[in-house]
Amino acid sequence: MQNFVNAYSWVNIHYLLEGLWITIEVSVASIVFSYILGAILGLIRYIKIKYVSAFVGFVIDLIRNLPLLLIIFFTYFGLPNIGVRLNPIWSSILALSIFESAMLAEIIRSGIGAVDSGQMEGARANGLTYWQAMWHVVLPQAQKKMIPTIVSQFISLIKDTSLATIIVLPDLMYHAQIIYGQNSNYILPMFLALAVMYFVVCYLLSILSHYLERRLA
């Protein structure tokens with residue numbers, strides 16, 4: 001019990017919260033970038049532009065079948081070989097955005113495809129252009145169907161930030177490792193603290209998902 005009391009000193013808790021803040025910053029930036037890129041790629045896949053959609057589909061399938069850790073290594077260790085040097089935070093954001101955008105692209109493509117084709121036909125019959133119908137009619141309905149899956153993917157993204165510890169991203173996991181590296185008696189308390197903090201962040205995102213589902217129902 002004394003190990004837990006000592007492990008949860010204010011100095012250690014404050015240090016963990018600093019790491020949690022980095023985790024949240026990286027997660028939010030990756031969520032924004034991956035959603036924007038994923039939406040663009042998903043639309044390109046759905047509308048089937050000759051050659052372009054096939055190429056985009058190949059790239060998406062390639063990224064989805066690569067380990068995220070390999071992409072993280074590439075952005076941090078590989079890009080400097082072609083003159084692009086990023087710090088651990090931006091390397092992590094880039095890697096997570098690339099990986100998650102490929103996942104989201106397929107979710108968005110499937111979500112749009114799940115909307116009844118009559119919705120597009122009806123909108124076009126009422127004088128809307130293809131893109132007006134897509135933006136005002138099809139996408140809002142598709143978005144409602146996609147919310148649970150997209151949020152689940154974002155929750156996975158938050159947990160995947162811990163992989164970037166391998167490139168010394170100063171996130172929650174890395175800060176916990178620093179603490180229990182100084183005292184091995186703190187290993188179990190730190191793992192428990194990590195579990196609680198990751199759970200709280202991910203659970204809050206789940207609550208937001210349920211709220212959005214009810215609002216859009």
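- M134 is listed as a side-chain neighbour of I112, based on a closest heavy-atom distance under 4.5 Å.
- N183 places no side-chain N or O within donor-acceptor distance of the main-chain N or O of I179, the cut-off being under 3.5 Å.
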Practice problem: Given side-chain contact (heavy atoms from CB on, under 4.5 Å), test V151 with L208 step by step and report yes or no. | Solution: CA-CA 9 Å; V151 171; L208 176 61; over 6 Å; no

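- Considering every non-hydrogen atom in both N65 and D61, the closest pair reads ND2-O, 2.6 Å.
- Applying the salt bridge (Lys or Arg N to Asp or Glu O under 4.0 Å) definition to pairs two or more places apart or across chains, none involves residues 153-182.
- Note that CD1 of I72 is 12.5 Å distant from OH of Y76, once rounded to the nearest 0.5 Å.
- For T23 (side chain) and L172 (main-chain N/O), a donor-acceptor pair under 3.5 Å exists by modelled atom type.
- Between atom CD1 of residue I24 and atom CD1 of residue I31 there is a gap of 10.5 Å, rounded to the nearest 0.5 Å.
- P80 and R85 get closest at one heavy-atom pair: CB-NH1, 3.5 Å.
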Side chains of residues 86-108: which donor-acceptor partners sit under 3.5 Å, not counting sequence neighbours?
from, atom 1, to, atom 2, distance (Å)
N87, OD1, I89, N, 3.1
N87, OD1, W90, N, 2.8
S91, OG, L86, O, 3.4
S91, OG, N87, O, 3.1
S92, OG, P88, O, 2.6
S97, OG, I93, O, 2.6
E100, OE1, Q153, NE2, 2.7
S101, OG, S97, O, 2.9
S101, OG, I98, O, 2.8
E106, OE1, R109, NE, 3.4
E106, OE1, R109, NH2, 3.0
E106, OE2, R45, NE, 3.2
E106, OE2, R45, NH2, 3.2

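- By the neighbour-count criterion of 12 heavy atoms within 6.0 Å, atom CZ of F55 is sparsely surrounded, having that number or fewer from other residues, nucleotides or ligands.
- Heavy atoms only, all atoms of each residue included: S34 and F154 are closest at OG-CE2, 4.2 Å.
- In this structure, S209 contributes its side chain and L205 its backbone to no donor-acceptor pair below 3.5 Å.
- Interatomic distance, OG1 of T165 versus CD1 of I178, reported as 10.0 Å (0.5 Å rounding).
- Residues V137 and M120 have side chains not in contact (no heavy-atom distance under 4.5 Å, counting atoms from C-beta outward).
- Within a 6.0 Å radius of CZ in F77, other residues, nucleotides and ligands contribute more than 12 heavy atoms.
- Remark: Y174 OH is loosely packed, at most 12 non-hydrogen atoms of other residues, nucleotides or ligands lying under 6.0 Å away.
- Clustering ILVMFWY residues whenever any of their side-chain heavy atoms sit less than 4.5 angstrom apart, transitively, puts F74 in the very cluster that holds F33.
- When all heavy atoms of G118 and D116 are compared, the pair lying nearest together is N-OD1, 2.7 Å.
- Residue E18 holds its CD atom at 12.0 Å from CD1 of I13, rounded to the nearest 0.5 Å.
- There is no path of hydrophobic side-chain contacts, each under 4.5 Å, that joins V11 to Y186.
- Note: I166 CD1 to M173 CE = 11.5 Å, rounded to the nearest 0.5 Å.
- No donor-acceptor pair under 3.5 Å is formed between the side chain of S53 and the backbone N or O of K50.
- Distance CD1/I207 to OH/Y203: 4.5 Å, rounded to 0.5 Å.
- Side-chain atoms of Y180 do not come within 3.5 Å of backbone N or O of F191 as any donor-acceptor pair.
- Residues V138 and W131 share a single hydrophobic cluster, defined by chaining ILVMFWY side chains whose heavy atoms lie under 4.5 Å apart.
- Following chains of ILVMFWY side-chain contacts shorter than 4.5 Å, one can reach W10 starting from M190, so the two form part of one hydrophobic cluster.
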Quiz prompt | side-chain contact (heavy atoms from CB on, under 4.5 Å) between H175 and L20, worked out | solution = CA-CA 9 Å; H175 280 214; L20 178 61; over 6 Å; no

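- The cluster map of Ile, Leu, Val, Met, Phe, Trp and Tyr, joined by side-chain heavy atoms under 4.5 Å apart, puts I40 and Y51 in different clusters.
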